[in-house]
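Worksheet: the structure to be examined is printed underneath.
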Amino acid sequence: MSRRAADLLVESLETHGADRVFCVPGESYLPVLDALHQHARIQLITCRHESGAGFMAVADAKLTKRPGLCFVSRGPGATNASIAVHTAEQDAVPLILLVGQVPRNELGRGAFQEVDYGKTFADMAKEVWTVHDPNRLPEIVARAWSLASAPTPGPVVIVLPEDVLEEVVSGQASQPLPRQRQPAGSETAREVAQRLSEAERPLLIAGGCLDDEEGRAALLAAAQTHGIPVITSFKRQDIFPNSNPLYAGHLGFKMPAAQREVYEEADLLLAVGTRLGEVTTQGYRLPAAPVPHQPLIHVHPDPAHLNQVFAAELAVAAEPSGFLRALAEHPSRPPAARAAWVEMLHGRIRAARPWHRPADGLLDMGPVVAALCELATDDAIFITDAGNFSGWLHRHFPFNGRQRLIGAVGGAMGIGVPAAAAAGLRCPDRQIITLIGDGGFLMTGGELATALQHGVPVKIFVSDNQSYGTIRLHQERQYPGRPTATDLYNPDFAKLAEAYGARGFTIESIDEAAAVVKAALAEPGAALVSVKTAVEHISAFATLSELRP
Ligand SMILES: Cc1ncc(C[n+]2csc(CCOP(=O)(O)OP(=O)(O)O)c2C)c(N)n1
């Protein structure tokens, strides 16, 4: 059967399970848009900025565990999308970015909007492939799908010279390559169980590889079988029920030193499905790099991350859910001292969780989160942009193990609204709640139009403190009393939301918070709540007055 290469590309994406792609259209890949016009089984979501399209693809991949797909135009489109490539690398998310390119006979001449993507994305993408021969498109799609997915998921870029796309080809669409299997290894599980039975103060550091139903179930089963306290890696506190007595906390930013020191008393660290990044390890201190202070057992599917920074006593290249399932099959008997360790760790978390009205009566995101604790549904999807406003959710919200938290582990601002749109499209029956700062909202908030175009009833809470507060906090610490470049002039966010066609609300005081949150969540359509937060409450852990000498 002969047809255009663009059609073969779309067919190949479809045979791999693609059902949705995100794009900003461009003249450099018109044949693909036309092919998608004729393949109604793949939904094409048109976005307002390539960073929005890329973030939506990243969020979609976080929910489906399949590569997120994003089509962008050459040059300006591709460079706008680069934030998503970076985020996919940092967050270990499978992403395929498909980029238009100048025709093959113009390559290397510096033609209009030409970019050498191999150079541009070399430091972020797992691979960048330019399609020179249209007949190899199926092979390239299959390889890109497989490489983006494993062993550490990440971004792959496919570059499509525009003349390639119009060529007539006759090959078959490709089928997915088999996923490489990694046996869980019963012997290894037995050995680890033996180590656990000797440890008085073990800690299981659970990472993003466990962020699906299978992984969560395996984590819970292994933790309960062995009575091991669980702490989660950065922004993964949703993968383990926070009220479970074995929940011991979340390795995020701004952890009080006293809390970190408690973790450092562990006599065995079992890190499963985490790359042990800088934030998770509290600046390479837990475990300590390069030689940890306590024995480290590191389980990760990608051997490249084992012994990369930390010398593990036991380095296990295994699929984390399978490993934990095997571990749960080898029960151990914890030493008597374990119970006190478990209770001490969870007791601290339990004590710090409730939100209390601040003595100065100023508004921050606390009362909003307190209301969300009461009102969010059992399977709500929370999205946090990057910034200090998220600290109140991280500190006070007890994720139940079914609720999801989506944010950029890599710290990119701007993911909040696009990810909400993508999550609503993927999970139309679940409540979608975004927390975002005034800074982050004005980066990619235009994607609210994309959400509304598709009837996604996002609920967005904007912390309107008129500041790039996180940076202000750093400045107040390093250069007290000399904030620079962090004050913001803002629109009226509630009116802005109304102009988009969403319902707009404003919260100006603590006393109003609960009722307004309730009203916004009850809205059948999209709603935005502008929360007039006081910059004095610069984070969930500090006020400006406390920081000043
Ligand atoms: C794309 C991007 N640009 C810049 C930064 C650096 N940065 C981190 S947090 C932050 C300020 C966030 O401000 P806002 O969204 O208003 O939230 P707040 O910290 O005030 O709660 C900035 C500029 C970043 N992480 N990502």
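Every number for a ligand or one of its atoms is a count from 1 in the order of the listing. Count residues from 1 along the sequence. In what follows, every heavy atom counts, from backbone to side chain, and hydrogens, waters and symmetry copies are set aside.
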Going through the distances and angles, do Phe234 and Phe253 end up as a ring pair (Phe, Tyr, Trp, His ring centres under 6.0 Å)? CA-CA 8 Å; Phe234 182 40; Phe253 276 121; 5.1 Å; yes
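Nearest protein neighbour of atom 25 (N) of ligand 1, counting heavy atoms only, is Gly411 O, 2.8 Å. Looking at atom 19 (O) of ligand 1, its nearest protein heavy atom turns out to be Thr470 OG1, 2.5 Å. The protein non-hydrogen atom at the shortest distance from atom 15 (O) of ligand 1 is Gly440 N, 3.0 Å. Among all non-hydrogen protein atoms, the one lying nearest atom 16 (O) of ligand 1 is Asp438 OD1, 2.6 Å. At the shortest separation from atom 14 (P) of ligand 1 among protein heavy atoms lies Gly439 N, 3.7 Å. Nearest protein heavy-atom contact of atom 8 (C) of ligand 1 is Ile471 CD1, 3.9 Å. The single protein non-hydrogen atom nearest to atom 26 (N) of ligand 1 is Met413 N, 3.2 Å, given as residue, atom name and distance. When hydrogens are left out, the protein atom nearest atom 20 (O) of ligand 1 is Gly469 N, 2.7 Å; that is the closest non-hydrogen contact.
Residue contact check: Asn465 has heavy atoms under 4.0 Å from atoms 20 (O) of ligand 1. Taking every heavy atom of Phe389 and a limit of under 4.0 angstrom, the matching atoms of ligand 1 come to 17 (O), 21 (O). Near Gly437, meaning under 4.0 Å from one of its heavy atoms, ligand 1 places the atoms 14 (P), 15 (O), 16 (O), 17 (O). Counting atoms of ligand 1 from 1 in the listed order, those under 4.0 Å from a heavy atom of Asn388 are 18 (P), 19 (O), 21 (O).
When heavy-atom distances to ligand 1 are checked against a 4.0 Å cut-off, Ser467 comes that close only through its backbone atoms N, CA, C and O.
Going from atom CZ of Phe397 over to atom CZ of Phe382 covers 3.5 Å, rounded to the nearest 0.5 Å.
Ring orientation note: the planes of His300 and His298 are nearly perpendicular, at an angle over 60° on the 30°/60° scale.
With salt bridges taken as basic N to acidic carboxylate O contacts below 4.0 Å, one links Lys62 and Asp91.
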